[in-house]
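Written below as structure tokens is the structure these notes are about.
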Amino acid sequence: MHRIKNKSGQVTIFIIIAVIIIAIIILFFMLRKQNQPNTGGNPQENPGSFLDTCLKDRLTEAVDTISSQGGYVDPKFYKRFKFENETSYNNLAYLCYTQNYYVPCINQEPMLLSHLKLELHDYLKTDVENCFKFLGQNLENKGYVVEAKYNNFNVVLDERGVIINISGEIDLTKKNGGGNSIETNFKAMLPSKFYNLAKVAQEIVSQEAQFCNFNNLGYMLFYPEWKINKFKTGDSVTIYTIENRDSKEKFRFAVRGCVIPPGF
Amino acid sequence: MKKNNLIILTVAFLQILILILVIFSNSYLIAQSEKIITTPRLEDKKDLIKILADKGLNFLIGFLTIKQIGEVSAADITEECCLKTKAGGICQPILSTQEDQCEPGQLVQTKCEYNADCKYGCCVDSVEGTCSTNSPQKKCTSDGGVWNSDKQCLIADCQKGCCVLGNEYKFGNEQECNYLSQLRGVETNFRSDITSEQNCLALKQTNIEGACIFQGRCVIENGRDCVNSGGTFSQGKFCSDPGLETANNYNYKSHDHSGCINGKTDIYWFDSANNREDILKTCVEGSEICTTSSAGKPVCKSTGCNDPIKAKDFYQRYGRYPKNGESWCVYDSDINHSTVGSEHWQAQCVLGEINGGGPFNLCGSNRGEICTESKIDYENDFFVSGNCVVNEASECINYNQDTGPSDITFPVSPQITGFPSFFGSNSQTSASTTTVSKMIEECLANKECLLKTVDATGYADESDGYHDNFKFQVCVPRYSKGANLKDATDDNLCSIADKTCEVVYKKSSNVDNTWEAVINKGCEWPVFTQQMNDFCTSLGDCGSNVNYIGVGTNNAYIIPKKGHKLDDNGNEKDEASDYYACETNGNGNANCKNTNWKDYVKYVTINYMQFAPTQDFEYLTPKIIGQMGLTTPEYNDKISKWLEGISGASGIIYMGLGKLAPTLIYARYSEIGLTTLGAVGTATIGASIGMLVGHTIAKIFGVTGIASTMATIGGGISGTAAALHIIGASLGTIGTILFFGGIAIIIISVIFGGPDYETRYVEFKCNPWTAPAGGKDCSKCNTNPMKPCTQYRCESLGALCTFKDDGSQNPPCISLQPTTIPPVISPGGVDKGYQLTTSGLIPGVNVKLQKQSGGCLTPGTQVNFNVNTDKVAQCKASTQRPTAPQYDSMENSLIDQSTMWLMNHTISYSVPNVDELDPTQIKGTIPNRYGDVKIYVKCQDAQDTPVFNPNDYVVDLCIDEKDTDPVDHSFTTFNPKDSSYIKYGVTEAPIIMWINEPATCKYDTLPGKDYNEMQYSFNCKTGIHDNQYFGWPCTTNITNLLEGDNIIYIKCKDQPWLTGTNDSRRQINTEDKEYTLKVSKEVLNIDSLTFSHDDGTGTQTINSGGKFKEGVEPISVNMEVATSGGVNVGICSCKWGTIENGSRWDFYNTNARIHDQTLTPRFNGTYINYIYCEDEAGNSATVSGNFTIEVDTNPPNIVRVYHDGSSLKVVTDEDSKCYYNSANCEFAIENATLMSSSGEYSTEHFTDWSTKKTYYIKCEDKFGRADADCLVVRPSG
């Protein structure tokens, strides 16, 4: 009997513990939801997540715009072009160009990756600063005294995606007199094939500038993850479209070189 | 007595005078009657000059775009560098004529290569490691790159190898590998020994994978990465292996789901932690690949392209559909007879899709690139590869330029010499055999060229000694390039096929005056037209041809022309022939037919079995020398012997008469003599008169040759008999017989007289192709989504078709709107020295053409001027007023491109003599007459129902009767050019000189001589229509050339038509025109051929036969040639090639004494190069040389270690650096102690000898190769 009683107590204790655990879980999710800012994640626990979310749309827009225009937000030297399945024209930057006949094109952006980072940087300048501000404001709303100092940011391109490294400092103090913490070096990331797309583009340009040609078929056989379309217009401009078969991301640009004039 | 004596003396004197004159008159008459050649014509020399002239002319024309009115000197155009164009491009080379395309202040008047900002090189991103070729220096460095002058990036930093990144392998350079490794947080593993992308990627297949347990989790990984990351590796096991799960306390559900793996073909199982397991389904290797269906399930999908429409060409050709990775060519028409507007396309099959679902790839527009295809057999299958390559059409035509004579400028005139048995001797010369065979060899070696033969021979009756000779071979493109259809500049190309065939006619009957063609009669038959049009169309978009949908126009014509009567030498006389070519004249031979584009409609049909084969660069060595039926030396020898015989006969006649004269002079002092002299003199006078009558009768009846001689002799016999009868010295019956016998001879000679010959010309005119009128077919350009419209295709469909390049993928081709307004004509440009003025005239109605000074035009000159239309139109111009307002009623004689749709129309007017004008065109009074000429112009637009100007546009001009100016030598052009260089050892050279008006010219080697005293003569064309592009040609062969400068002094006498009638009006130059030929003083030498390579530590240079030792491959090798001698201390142009009798390409830097060329990256092996250098004078030199690349893939070996004095000495089998460590073998070289040696790298290495130490020694060669193991040395005692 004694053993039975003990067992009942044990069950009760288990039930109580289970209720507490459930309560904690519910509380956790409730609190978590309440703390979630409308522009990002929980700023205190994960400022990166907040910034990811905050910058996601603009970053996506920037990457899409730049990718569809030969690496420029606002190309100055471009071929205006529209494919059959497109509704509007794009200004495709010439990444390699010569206006003469017979000679190979001249590389117009030899440091393409650096240039892309600059383009992204310029495009996102205001947004990154704003998101950083939102991060501070959001923390204030959550009961912190925030001292935020924004310095600058840089863009890193790598195989994982586009990474925004923000150089800044947030000094957080709880309003109710809690502890103090200092956050530095914030990071946001957009998963993307942008870096690899750009590297393929750079390889194409280098080969065009050297050999007057890029063997897209051979490249696709070596690297089946890429779909590379080469379209030569009537005025001998070659439009390259590089597409990642998995993510469907595209990078498109124009090249003009080794043009053979009509006639003798 | 004295009076009698005086009378007798006077009579004697007169008789003697008559006798002396008779010598000459008889000689003349006989000479006129017989075919006597007193000056042998050296066929080969003349031809050579003609060839040289035509060759020079055609190609000068070709390259100088002659249709431009006004003067543009190619020498004035230079290449400059635009730092930034208005369009936005950086560092663009532009021509000085394009300066307006450059941003203000951004133009540098030097080549970009020489500008510090724009110099092209390799830009290295020192962080990411990327290398960009052909990059401007400033742009690179200002963006943070490191610039190197090797614009192909064949530098150590950019040497590619295999980067191992965990499970992945990337082909790139070392810095890229470092960067990626850093990003992934793995140790850099760069395999520089793997230099092939294929081998690098193949490493993945050799991965030994298995389950890797790390911190309680399991992943599938290769063993090396697993161990490096601290995991426990179980080779060949899956993570769901029960044993592993139990041992490591995890539980993954096996065969949880299926899917595809990047880079693998089959469908795999995955466990619940998404780790690959075994194969669920094997896809067929090579033709299937795992892919995710639209429903999200993995399926095996065919990688081939079984599309019966898009892959039709492939299927027709090979009987199966293309596989993944295959590419092939798609054409628009029969590729061996390109239709206008047709293009070449490339199709690709990748992972089941043809061209990614888009259109075929357009090879360069206007067939600037062609698609070549090759089939590679392997095992029991084959692989097809089609690629766009540059169309070498221009190169094919250049072969003719390089090698000359049988080329496009073949002199078609049959060189008629002497008796009929030699008529039609082939005008080709033995002198040209070598060069012709070179052309043939080059042409046949290039698969993109075609050796075309035009042959209208085989119709002459050889038994009568007649030989046709209109036959030539020419190298033409197999796949011609398309022209710019709205630009006349390609007219020059088409005009290469402008040829004139000289048909020789013989009078077959004097009674009814009928003629028959005896030489080159084939030129009047359709075979001539057809073959010439084939030749014409093969050059490009020329002649009568169709567009790619099978609608065509006629743009090639035959123009029958009169020729000239032939003299006894077979040379043309000034006297025009009686009839035009192609007139039958009752003999029914001529069957002239113009070209018809409909004959070419058949070429629109695609022959799927045809494709352009890929060049294999293994050039053939054809053995076709002599194939062309060239003139043999034996032939020339035969002519010479025959000529000697004739000269001898002529000499006897002269000698006989000459001997008679002194006898007569002696006899005058004798009464008997006088009596005898009187009868002889009378007989002689009678004979002379009779001969003259006989000759005149023969001439009236058109009798020449032996018959003419017989008539002359018959006349002489009759005249003698008659004269003797008159003075009473009757010969009785004999005299009567002689008299009537002579008359009978004349009659017989006239009736059965010998042949009379004349030439007639069949001119073939090859004009640029023009689009059909109207625009009803324009929209057909946009109907095939796989073949988008291009400007070229669009404009081939109709004259009104306009390509609206709106930047879309398939830009529309539309037709211009119809209109009822005729083209508005206005004056355009005019040659220098002339003007077109509307002063005092009605604009749009007429214009006046006059000299810049306001004066009338000078006879014998040529003026080119333009009339413009406000829209594209065809124009005709003529001095004959149209008989009706309709365009078709108008004749055209003055516009070459009258069939072309143009806005600028060039009129070329050869100013005739006033005497040649119609009486209605001659104004003024004698002696102040002048020509009053009008040129009528009519133009029609390009509509289906064309609109033309009903009222003629009139160009008024006047022509001076007198030419008071001598030949103006400021317009004189020479070929070879003045002050040209000639090869070493050459002693004679044919030259051609073009002057600005018809004239006869002489020259001497001494200056200041009077025209009549000059020693040598030019052979000048003097007909008013004989002018060529640069003027009237005069040819000669300068002999006795010496080394150094050879100067000749030239004077000309104009207006040759005044010879004998008004010679005093002919103008002679007062000043000599100087012309210099410089003969080389020494031969051209190639002094050295070296190869060099920069291995990163310095440049190694080797001579032929040397070797480069390298640690990586491929390597970049620079080839350098040094030349000396020749005409300009070694300055020359050098070419190189890799096949002994193959193609040669210009050195990158040449036209100097040092010539260099960077060779494409070379791998391990031996390479031979063939060099050919030629200087301005044509001196040439050749050399060949080889070099070897030996790739060292082994680390240095220590072959000996010993105690050497106080040192420990280590000897290695190659130059290296050696290091030691005293602790163990596991040391990094950079942290170890370097042993001393005599140089940076050496085979001998030293360090202190210490018995207290143990030396762990590793050596590294200069390629960074070191053995992982070390040598352990423990010194003792």
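Numbers restart at 1 for each chain; the letters A, B, ... are given by sequence-line order, proteins then strands.
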Side chain, backbone, both or neither of B/Arg184 within contact of chain A (heavy atoms, under 4.5 Å): side chain
4.5 Å side-chain heavy-atom contact, B/Ile90 and A/Phe77: no
Contact leader toward chain B among A/Asn229, A/Asn213, A/Asn100, where contacts are heavy-atom pairs under 4.5 Å: A/Asn100
Under 4.5 Å from a heavy atom of chain A, the part of B/Pro359 involved: side chain
B/Thr790 side-chain N/O to A/Thr233 backbone N/O, donor-acceptor pair under 3.5 Å: no
Flag side-chain contact, heavy atom, 4.5 Å: A/Met220 against B/Gln348: yes
Residue B/Val124 versus chain A: region with a heavy atom under 4.5 Å: backbone
Neighbour count above 12 (heavy atom, 6.0 Å) for A/Lys82 NZ: yes
Top contributor to chain B interface from A/Val103, A/Leu118, A/Leu217, A/Val156 [non-hydrogen pairs under 4.5 Å]: A/Leu217
Chain A contact via B/Tyr792 - side chain, backbone, both or neither, heavy atoms under 4.5 Å: neither
Which atom of A/Gln108 lies closest to which atom of B/Lys139, heavy atoms considered: O-CE, 3.3 Å
Any side-chain heavy-atom pair of A/Phe231 and B/Phe360 under 4.5 Å: no
Distance in Å, B/Asn134 CG paired with A/Ser206 OG, rounded so as to fall on 0.5 Å steps: 9.0 Å
Portion of B/Glu353 that has a non-hydrogen atom of chain A nearer than 4.5 angstrom: side chain
Rounded distance (nearest 0.5 Å) linking atom CG of A/Asn85 with atom CD of B/Gln809: 7.5 Å
Interface moiety of B/Asn391 toward chain A, non-hydrogen atoms closer than 4.5 Å: neither
Closest non-hydrogen atom pair, A/Leu157 against B/Tyr179: O-OH, 3.6 Å
Leading residue by heavy atom contact count with chain A [cutoff under 4.5 Å; candidates B/Cys363, B/Gly356, B/Cys789]: B/Gly356
Neighbour count >12 (heavy atoms, 6.0 Å) for atom NZ, B/Lys119: no
Gap between atom CD of B/Glu369 and atom NZ of A/Lys232 - 0.5 Å precision: 3.5 Å
Closest non-hydrogen atom pair between A/Pro110 and B/Ser132, with its separation: O-OG, 2.7 Å
Side chain / backbone / both / neither for A/Tyr195 at chain B, heavy atoms under 4.5 Å: side chain
Proximal component of B/Pro788, with respect to chain A [non-hydrogen, under 4.5 Å]: side chain
Heavy-atom pair with the smallest gap, counting every atom of A/Pro262 and B/Asn366: CB-ND2, 3.3 Å
A/Leu113 side chain reached by B/Val127 side chain, heavy atoms, under 4.5 Å: no
Option in B/Glu176, B/Glu197, B/Gln791 with maximal non-hydrogen atom pairs under 4.5 Å from chain A: B/Glu197
Donor on one side chain, acceptor on other, B/Asp125 and A/Gln202, under 3.5 Å: no
A/Cys212 portion near chain B, given a 4.5 angstrom heavy-atom threshold: neither
Option that, when pairs with chain A are counted at under 4.5 Å, heavy atom only, ranks first among B/Pro93, B/Cys118, B/Ser365: B/Pro93
Check: A/Tyr89 side chain, B/Asp806 main-chain N or O, donor-acceptor pair, under 3.5 Å: yes
Contact class of A/Tyr223 relative to chain B, heavy atoms under 4.5 angstrom: side chain
Contacting moiety of B/Cys388, where chain A heavy atoms sit under 4.5 Å: neither
Nearest atoms (heavy-atom pairs only) where B/Cys91 meets A/Ile106: O-CD1, 3.4 Å
Side-chain donor/acceptor of A/Glu84 to backbone N/O of B/Pro785, under 3.5 Å: no
Interface moiety of A/Lys76 toward chain B, non-hydrogen atoms closer than 4.5 Å: backbone
Carboxylate-amine/guanidinium proximity below 4.0 Å for B/Lys170 and A/Glu203: no
Heavy-atom pair with the smallest gap, counting every atom of A/Gln210 and B/Thr133: OE1-CG2, 3.6 Å
4.5 Å side-chain heavy-atom contact, B/Leu180 and A/Glu159: yes
Pairwise distance CG(A/Leu112) to OG1(B/Thr130) - rounded to 0.5 angstrom: 8.0 Å
B/Ser480 portion near chain A, given a 4.5 angstrom heavy-atom threshold: neither
Per-residue contact mode, B/Asp805 against chain A (heavy atom under 4.5 angstrom): side chain
Distance, nearest 0.5 Å, that separates CG of B/Leu183 from CZ of A/Arg160: 6.5 Å
Distance, nearest 0.5 Å, that separates CG of A/Asn216 from CG of B/Asn361: 6.0 Å
Per-residue contact mode, B/Leu351 against chain A (heavy atom under 4.5 angstrom): side chain
Short N-O contact, B/Glu128 and A/Lys199, less than 4.0 angstrom: no
B/Ile94 versus chain A, the contacting section by heavy-atom distance below 4.5 Å: both
